[in-house]
*Asks:* 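Here it is, the structure in full.
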Amino acid sequence: MKKDRINKIRNIGIIAHIDAGKTTVTERILYYTGRSHKIGEVHDGEAVMDWMPDEQERGITITSAVTTCIWRGNDIQIIDTPGHVDFTIEVERSLRVLDGAIGVFCAVGGVEPQSETVWRQADKYHVPKIAFINKLDRIGADYLGAVNMMKEKLHANPLLLQIPIGSEADFAGIIDLIGMKQIIWDNETLGATFSEKDISSELLDNALQHREKLIEALSEVDDEIMEAYLSEISIPNDKLVSAIRKATINLKIVPVLCGSALKNKGIQPLLDAIANYLPSPLDVPPVKGTHPETGETLLFEAKDTGPLAALIFKVSLMEGRKISFVRVYSGTLKTGGEVFNPSRKIKEKLSRILKMHASKRDRIEEAGTGSIVGVVGLKTSSTGETLCYSDYPVLLENIEFYEPVISIAVEPKTHADQEKLDEVLTKFADEDPTLRVRKDEDTGQTILSGMGELHLEIIISRMMREFNTSVNVGKPQVMYRETIAAESEGHAVFDREIAGQRHFGEVSLRLKPLRRGSGNKYMIDMKDASSIPAVFMPFVEKGIKEAFESGTLMGYPVVDVEAVVTGGSCKESLGTEISYTVSAAMACKDALKKGEPFLLEPIMDTEIFVPETFMGDIIGDLNSRGGKIESISARSGIHVIKSIVPLSRMFGYSTSLRSATQGRGTFSMHFSHFDSI
């Protein structure tokens, strides 16, 4: 792939709150670019990108799907991400490898809770964004209201490139403020054709005012535009487009477009905006990595002839086969070629490279810089790991994973299910880093931990559908954490003969409680630095970390504790890895018992949307659940109650809310922090 070809690649993600219309927008993009020949509707269970049976039944996106389409000679590689908070990891790992994003907002709901979450995730990875205000045909649609919410809630700098013609049932089309044309779509052709005309006289004054505001806002972030604006010189459209592109890539502005995806209006200008304003792999800074041995920072420019630097951002099981999704930042992947995984220090062979279109795939011989492809043949490599060449090793920044907050116990229904269960769960855990699987030593049950009730429900459903494995499911349990209230000291000696060899290790340590959210810390403060040889200190740290994985109160992970190694002893030739790992773990457990341990429970940020009539009942119910109301605000005929509530009191809340509000109330919640019970 030549440099000018890399310049024509757009790697974009579509991100938003659930029900904002991400998948509907994606389906129109595929239709108008000729990638699909029929518009698939989410509500009919026929959306191309929602290919899993669970997605089609529920009408939601569960797993991010990858596809490629072509518009004006640009290769647009799209990842359609989930909007439900339980599947936030899908958004996180997609944004990690994308160059640009489209934030879809509902014109009625505006910036909703999960919109804020995904927007912040995009900010974390410095991803340039375009906003698309969708559903302008709905009752209560408020275009400028949604734009103002972007300023207030996202602290974004929106730049209006379009304004709608009409609103709600009268929404007819858009006015393009760059070309100063009004665009009306043809319903007969499902929006595939549209007419561009001069702006009608009754709309012209409003359009001129908004264009003036556009140029004024752009002059604040571009010196050349400011000079022309102050000199009252007419600015050519191509100059405006290049200034908007530059400011978007530099994260100074967010271009705002509008339409109604369901009514097939506004998608072609959105595709033009993707090509005009979002970056190619050449427009973003070279990817940074570190040398696995020396720790030296390495930079990889986007070019096919460079050394290989690629990141596995997702592992998926399709028809029982493991497919690794890979973003190539530099160099070229070739079918049959050998790659090196520096995290595991192994070489792997690429048996196939696949160009993905949701669940469909085409074999290709090679994938150049900027490509997002599926790879078959990686047996050991997993999510977040780097692929490179052994003579030029590099570690790219890993992907952050979230800690699960809810768990269920599962038991196989039959002996045949028992044999399959462990294997199936291992596959799911490889695919989904937020799913944790462990065995309860007391009951012998298998415990699944995940991000929410829906997350675990989908896993159980997929076990049955894809692997024909039936299980009995216990009631959901909260994943608590443990910590200590007081400083304490622990001491342990491990002196044992194992397989004819004597192992000796002695460790003393002190534990100290830290403030909430600090995490765990490890320090060494020994009066005699030689009391434990330096070679064994990593194993002391390992033992402490292992002890923190399971507390002394109820076996939950220990958080917000500082461990300080204060001393110990060693007997010549008897010190071993085992002796210091075990003695450190024993000393840590000893100190945990003495440190007045107590439980912390997950507290959830909750937003509840209810009509005013039901406000009193809902607030009373929240108080009875131990919730603390933080704010109440009015929005488009409904009230929004923001509160924090313990997760343990929110099981089955959706049913209670529907009953109390005659089915008119909705809510969303996501993890906020751990706090004492």
Side-chain angles (χ1 to χ4, degrees), residues 1-15 22-40 47-52 61 63-81 90-91 93-102 104 127 130 261 267-268 270-284 302 304 310-314 316 318 323-329 331-335 350 352-376:
M1 196 183 290
K2 294 177 182 167
K3 195 166 185 178
D4 61 338
R5 189 75 200 108
I6 298 174
N7 200 32
K8 291 281 188 181
I9 291 176
R10 300 289 182 273
N11 287 323
I12 63 159
I14 300 191
I15 59 173
K22 296 177 303 303
T23 303
T24 307
V25 168
T26 311
E27 292 299 318
R28 269 59 183 178
I29 287 174
L30 296 180
Y31 181 68
Y32 299 135
T33 56
R35 191 68 180 84
S36 61
H37 304 293
K38 176 177 178 285
I39 294 178
V48 173
M49 302 301 275
D50 287 349
W51 57 271
M52 287 171 61
T61 303
T63 179
S64 47
V66 180
T67 191
T68 306
C69 54
I70 294 172
W71 183 258
R72 285 177 24 199
N74 293 282
D75 271 1
I76 301 176
Q77 299 184 125
I78 303 171
I79 300 182
D80 176 30
T81 64
E90 290 285 335
V91 186
R93 55 188 179 181
S94 299
L95 287 169
R96 169 68 179 82
V97 297
L98 291 170
D99 300 325
I102 300 168
V104 179
V127 177
I130 286 175
I267 301 300
Q268 292 92 336
L270 176 62
L271 280 161
D272 289 339
I274 291 167
N276 289 340
Y277 308 127
L278 289 180
S280 75
L282 294 173
D283 296 315
V284 293
D304 291 339
L311 185 77
I312 303 168
F313 67 94
K314 177 177 171 173
S316 190
M318 290 188 177
I323 296 180
S324 304
F325 287 79
V326 175
R327 160 74 196 258
V328 184
Y329 287 99
T332 306
L333 289 176
K334 293 186 179 176
T335 298
L350 310 176
R352 288 184 192 175
I353 301 174
L354 308 168
K355 203 165 187 65
M356 305 300 296
H357 177 48
S359 62
K360 299 180 179 66
R361 42 204 180 269
D362 300 316
R363 290 177 70 165
I364 54 175
E365 288 306 306
E366 64 177 48
T369 297
S371 300
I372 294 177
V373 291
V375 169
V376 179

*Asks:* Nearest 0.5 Å, what's the CD1-CG distance between Ile130 and Leu278?
*Replies:*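 Answer rounded to 0.5 Å: 3.5 Å.
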*Asks:* Checking the side chain of Asn11 only, and the main-chain atoms of Leu98 only, is there a donor and an acceptor separated by less than 3.5 Å?
*Replies:*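 Side chain of Asn11 to backbone of Leu98, a donor-acceptor pair under 3.5 Å: no, none is there.
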*Asks:* Taking all heavy atoms of Ala101 and all of Ile15, pick out the closest pair and write down the distance.
*Replies:*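 Here Ala101 and Ile15 meet closest at CB-CD1, 4.1 Å.
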*Asks:* Taking the side chain as every heavy atom from C-beta outward, state whether Leu270 and Tyr32 have any pair of such atoms under 4.5 Å apart.
*Replies:*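 Heavy-atom side-chain distance check fails, nothing below 4.5 Å.
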*Asks:* Tell me, with the steps shown, if Phe325 and Ile79 meet side-chain contact (heavy atoms from CB on, under 4.5 Å).
*Replies:* CA-CA 11 Å; Phe325 287 79; Ile79 300 182; over 6 Å; no
*Asks:* Please check if the side chain of Thr335 supplies one atom and the backbone of Ile364 the other of a donor-acceptor pair under 3.5 Å.
*Replies:*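 A pair under 3.5 Å: yes.
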*Asks:* Output all residues satisfying salt bridge (charged side-chain N to carboxylate O under 4.0 Å, His left out) with Arg72, sequence neighbours left out; order by chain, then residue number.
*Replies:*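 Asp272.
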*Asks:* I need the Arg28 CZ to Thr26 OG1 distance, nearest 0.5 Å.
*Replies:*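 Between atom CZ of Arg28 and atom OG1 of Thr26 there are 10.5 Å.
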*Asks:* For Pro281 versus Ala302, what's the shortest heavy-atom pair and its separation?
*Replies:*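 Closest heavy-atom pair between Pro281 and Ala302: O-CB, 3.7 Å.
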*Asks:* Closest approach of Ala367 and Ile353, non-hydrogen atoms and distance?
*Replies:*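 Result for this residue pair: CB-CG2, 4.1 Å.
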*Asks:* For Val376, enumerate each residue passing the side-chain contact (heavy atoms from CB on, under 4.5 Å) test, keeping only those at least two apart in sequence or located in another chain.
*Replies:*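 Counting only residues at least two positions away or on another chain, Val376 forms a side-chain contact (heavy atoms from CB on, under 4.5 Å) with Arg321, Ile323, Ser351, Arg352, Leu354.
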*Asks:* Once rounded to the nearest 0.5 Å, what's the spacing between atom CG of Leu350 and atom CG of Leu333?
*Replies:*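 Separation between the atoms: 5.5 Å.
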*Asks:* My understanding is that only residues two or more places apart in sequence, or in another chain, count here; which of them pass salt bridge (charged side-chain N to carboxylate O under 4.0 Å, His left out) with Arg10?
*Replies:*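 None.
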*Asks:* What residues form a side-chain contact (heavy atoms from CB on, under 4.5 Å) with Ala261, not counting sequence neighbours?
*Replies:*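 Thr24, Val25, Asn134, Ile267.
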*Asks:* Does the side chain of Asp75 come within less than 4.5 Å of Arg5's, by heavy atoms?
*Replies:*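 They are in contact (side-chain heavy atoms under 4.5 Å apart), so the answer is yes.
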*Asks:* Can you tell me how far CD1 of Ile372 sits from CG of Asp99, rounded to the nearest 0.5 angstrom?
*Replies:*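 It comes to 7.5 Å.
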*Asks:* Among all residues two or more places apart in sequence or in another chain, which pass the side-chain contact (heavy atoms from CB on, under 4.5 Å) test with Thr33?
*Replies:*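 Listed in chain order: Ile29, Arg35, Cys69, Trp71, Leu271.
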*Asks:* In chain order, what residues pass the side chain to side chain donor-acceptor pair (under 3.5 Å) check against Arg96, with sequence neighbours excluded?
*Replies:*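 Applying side chain to side chain donor-acceptor pair (under 3.5 Å) to Arg96 gives Tyr329.
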*Asks:* Using 0.5 Å steps for rounding, measure from the OG atom of Ser371 to the CZ atom of Arg327.
*Replies:*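 It is 8.5 Å, given to the nearest 0.5 Å.
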*Asks:* What I'd like to find out is whether the side chain of Asp304 reaches to under 4.5 Å of the side chain of Ile6, using heavy atoms alone.
*Replies:*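 Result yes, sub-4.5 Å side-chain heavy-atom pair found.
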*Asks:* Applying side chain to side chain donor-acceptor pair (under 3.5 Å), can you list everything that pairs with Ser280, at least two apart in sequence or on another chain?
*Replies:*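 Counting only residues at least two positions away or on another chain, Ser280 forms a side chain to side chain donor-acceptor pair (under 3.5 Å) with Asn7, Asp283.
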*Asks:* Where is the tightest heavy-atom contact between Pro279 and Gly100, given as atom of each residue plus distance?
*Replies:*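 The answer is CD-CA, 4.5 Å.
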